[in-house]
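Right, one structure below, let's go through it.
The figures here come from the full heavy-atom set of this structure, side chains too, leaving out hydrogens, waters and symmetry mates. Here is how names work: the chains are called A, B, and so on, in the same order as the sequence lines, proteins then strands, and each is numbered from 1.
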Protein chains: 2
Amino acid sequence: MPKTKYIEIYEDLKHKIEQNIYEYQQLLPSENTLVKEYDCSRNTVRRAIGNLVNDGYVQTKHGQGVRVIYQDFKQNEYMFGETESFKEFARRNHKQHETKVILFEELTVDEEIHAHTLIPVGVEVYHLKRVRYLEGKPVIMDHNYFRKDVVKGLTAEIAEDSIYQYLDRELDQRAVTAKRKMVVERTTEEDETYLNLDGFNSVVVVTSHIFNSDGVMFEHTQSRHTPGNFVFFDQTRRK
Amino acid sequence: MPKTKYIEIYEDLKHKIEQNIYEYQQLLPSENTLVKEYDCSRNTVRRAIGNLVNDGYVQTKHGQGVRVIYQDFKQNEYMFGETESFKEFARRNHKQHETKVILFEELTVDEEIHAHTLIPVGVEVYHLKRVRYLEGKPVIMDHNYFRKDVVKGLTAEIAEDSIYQYLDRELDQRAVTAKRKMVVERTTEEDETYLNLDGFNSVVVVTSHIFNSDGVMFEHTQSRHTPGNFVFFDQTRRK
DNA sequence: TGGTATTTGTCCGTATGTATC
DNA sequence: GGATACATACGGACAAATACC
């Protein structure tokens, strides 16, 4: 499984930045220097740098150089969001986790479901409600719709473990693009029944549309998070 | 002000997707076709497509093509976040807006301020508290720290209009990279005094670190949003 | 102040690999 | 197996912003 050259360079530079070999506010070696160092073309170096810019690790300036703007504030410990599953998230943070399925049904999308999921009318789907526990506390309530023609043979047992592991291992399917919308809403009775709200009268509602490698939107999920456990990071640049 | 070729192609394709000339789930013309159409190199076409992938407009698949996955759900009408100022946001949505400065002071960063802003100890800063009104309702409370050596000559009057307009027009300074962290917190007495919370007992706290083109982190802001008015969009892809 | 070197930004052409049809 | 399509990589040329002397 040979990695590509630009990914190797990207990861090497990233590690050097994280380990302060290249320090905050310092300039990286020039592109031409890196070309010699990694024995590759300038385009390849530039591609690696472009990824670091997207990650908010460095910032380039025309005629001047590439400046490190990475600061460690434990982004990795939390970092919800991204295209990461609940199980992966829990594992990475060494937290005990569990999922309980409280509804599992199969149905056909009608106009009403289409209106809020954008899944075409007539498509057959699994509809689930699941409660996610972290360290024994119920912190997320998921309302899922999965297309049956993509997520074939889903069962409640699988849904209590990891649907994404099943997709990847059994069906050779993967989530590629995830589009998300986040809002905060007042709690419903259902939220209050199932979640540990800790005094909050609101939940963070993350609505996701998820596409597989064929460009099919195979999942629509509304995740209702208890506010106390929700953290989201993001970095943008302009120009 | 001549735009670059790949930006022109990127914007042209983007418009064609938004106007359904290239439809949802359809494949774009192949890269080689687009090369002829735009009379440019394949690299340039690929660069334009790469930007559309980042925007969540299309998804590429090796050996198959570039598929449109854009769906219009009024992303443009709201879309807080990004590197957009409050004033720009209000203008774009045709909302009446206003800002009131409730604290304006100049001070020197000590250990305590450094700990939560990451601005180096000893740096002189402006410290402001501002309340932002949308359609007459107080919806955001900002706690700002600006470096005086970058944001020279800031006054309360400027802060009631638009600091970013002042930066751009008078000081030729621009925000380039913004790093954000979002959490939900219980309201403080100050929140309750100044904001229209509409029954919520929480606020969305967005902590931002903002860098200018020289890589200097010149602003640290904590924005406390009333939950009812907060919307955030995001798209990610993996692999 | 001004000219030169350095550095990043854009663009082109070509070759090869690999997945899909 | 052959054609098509995207992915990676190389090398070169010139422009534009900045730094240096």
Side-chain angles (χ1 to χ4, degrees), chain A residues 1-13 22 25-54 57-69 172-174 176-177 212-216 237-239, chain B residues 1-13 22 25-54 57-69 172-174 176-177 212-216 237-239:
Chain A
M1 192 75 73
K3 282 186 189 175
T4 60
K5 216 163 184 174
Y6 82 92
I7 295 284
E8 277 180 5
I9 297 171
Y10 159 72
E11 288 177 349
D12 188 56
L13 291 173
Y22 297 129
Q25 292 297 342
Q26 188 185 331
L27 292 179
L28 292 189
S30 77
E31 292 176 355
N32 283 323
T33 308
L34 292 173
V35 161
K36 290 170 196 158
E37 197 168 313
Y38 291 106
D39 188 30
C40 66
S41 73
R42 192 168 155 233
N43 278 336
T44 304
V45 163
R46 283 179 61 74
R47 208 163 160 191
I49 292 172
N51 282 339
L52 293 172
V53 172
N54 284 335
Y57 272 49
V58 301
Q59 198 174 265
T60 64
K61 190 171 181 186
H62 198 156
Q64 187 175 63
V66 181
R67 178 161 270 117
V68 177
I69 57 169
D172 196 32
Q173 288 280 347
R174 295 190 61 186
V176 174
T177 304
N212 70 3
S213 65
D214 294 320
V216 176
R237 73 182 196 289
R238 82 159 134 194
K239 196 201 173 192
Chain B
M1 191 76 73
K3 282 186 189 175
T4 60
K5 217 161 183 175
Y6 82 92
I7 295 284
E8 275 181 5
I9 297 170
Y10 159 71
E11 288 178 349
D12 189 54
L13 291 173
Y22 297 129
Q25 293 297 344
Q26 189 186 330
L27 292 177
L28 292 189
S30 77
E31 292 175 354
N32 283 322
T33 308
L34 292 173
V35 162
K36 289 169 196 160
E37 197 169 312
Y38 291 107
D39 188 30
C40 68
S41 74
R42 196 167 150 235
N43 279 336
T44 304
V45 163
R46 282 178 62 73
R47 210 164 159 187
I49 292 173
N51 282 339
L52 293 173
V53 171
N54 285 334
Y57 272 50
V58 301
Q59 198 174 267
T60 63
K61 190 173 181 186
H62 199 152
Q64 186 177 62
V66 181
R67 176 161 273 117
V68 177
I69 57 169
D172 197 30
Q173 288 280 347
R174 295 190 60 186
V176 173
T177 303
N212 70 2
S213 65
D214 294 321
V216 175
R237 73 182 195 289
R238 83 160 133 193
K239 199 204 169 184

Separation of [N] [atom2] from [X] [atom1] (nearest whole Å):
X	N	atom1	atom2	answer
B:Ile7	C:dT10	CD1	C1'	11 Å
A:Asp214	C:dC21	CG	C1'	13 Å
B:Asn43	D:dT8	CG	P	12 Å
B:Glu31	C:dT20	CD	P	16 Å
A:Ile9	D:dC10	CD1	P	8 Å
A:Arg47	C:dG9	CZ	C1'	17 Å
A:Lys36	C:dT7	NZ	P	9 Å
A:Tyr38	D:dT8	OH	P	18 Å

Heavy-atom pair of closest approach, residues [X] and [Y]:
X	Y	answer
B:Ile9	B:Ala48	CG2-CB, 3.7 Å
B:Gln25	A:Val216	NE2-CA, 4.3 Å
A:Leu34	A:Pro29	CD1-O, 3.7 Å

Next item on the list: Could you say whether B:Thr33 or A:Lys5 is positioned toward the 5' end of DNA chain D, judged by the nucleotide with the nearest heavy atom to each?
Entry: B:Thr33
Give a yes/no answer on whether the side chain of [X] brings an N or O atom under 4.0 Å of OP1 or OP2 in [N].
X	N	result
B:Arg46	D:dC6	no
B:Tyr6	C:dC11	no
B:Thr44	C:dC12	yes
B:Ser41	C:dG13	no
A:Arg42	D:dC10	no

Notebook entry, point to check: OG of B:Ser41 to NZ of B:Lys5: how many Å apart, nearest 0.5 Å?
Noted result: 7.5 Å
Quick one: does [X]'s side chain get under 4.5 Å of [Y]'s, heavy atoms only?
X	Y	answer
B:Gln59	A:Asp214	no
A:Tyr38	A:Leu13	yes
B:Glu31	B:Arg46	yes

Closest listed nucleotide, where the reference is the side chain of [X] and the choices are [options]:
X	options	answer
B:Thr4	D:dA15, C:dT10, D:dA9	C:dT10
A:Val66	C:dC11, D:dA7, C:dT8	C:dT8
A:Lys61	C:dC12, D:dT18, D:dA16	D:dT18

Scan nucleotides 19-21 of chain D against the protein and return all N/O pairs shorter than 3.5 Å with their distances rounded to 0.1 Å.
from   : atom 1 : to      : atom 2 : distance (Å)
D:dA19 : OP1    : A:Gln64 : NE2    : 2.7

Check: Counting only distance, no hydrogens or angles, is the base of C:dT20 paired donor-acceptor with the side chain of B:His62 under 3.5 Å?
Finding: no
Next item on the list: For a side-chain contact (heavy atoms from CB on, under 4.5 Å) with B:Leu52, tell me which candidate from B:Val58, B:Ile69, B:Val66 qualifies.
Entry: B:Val58
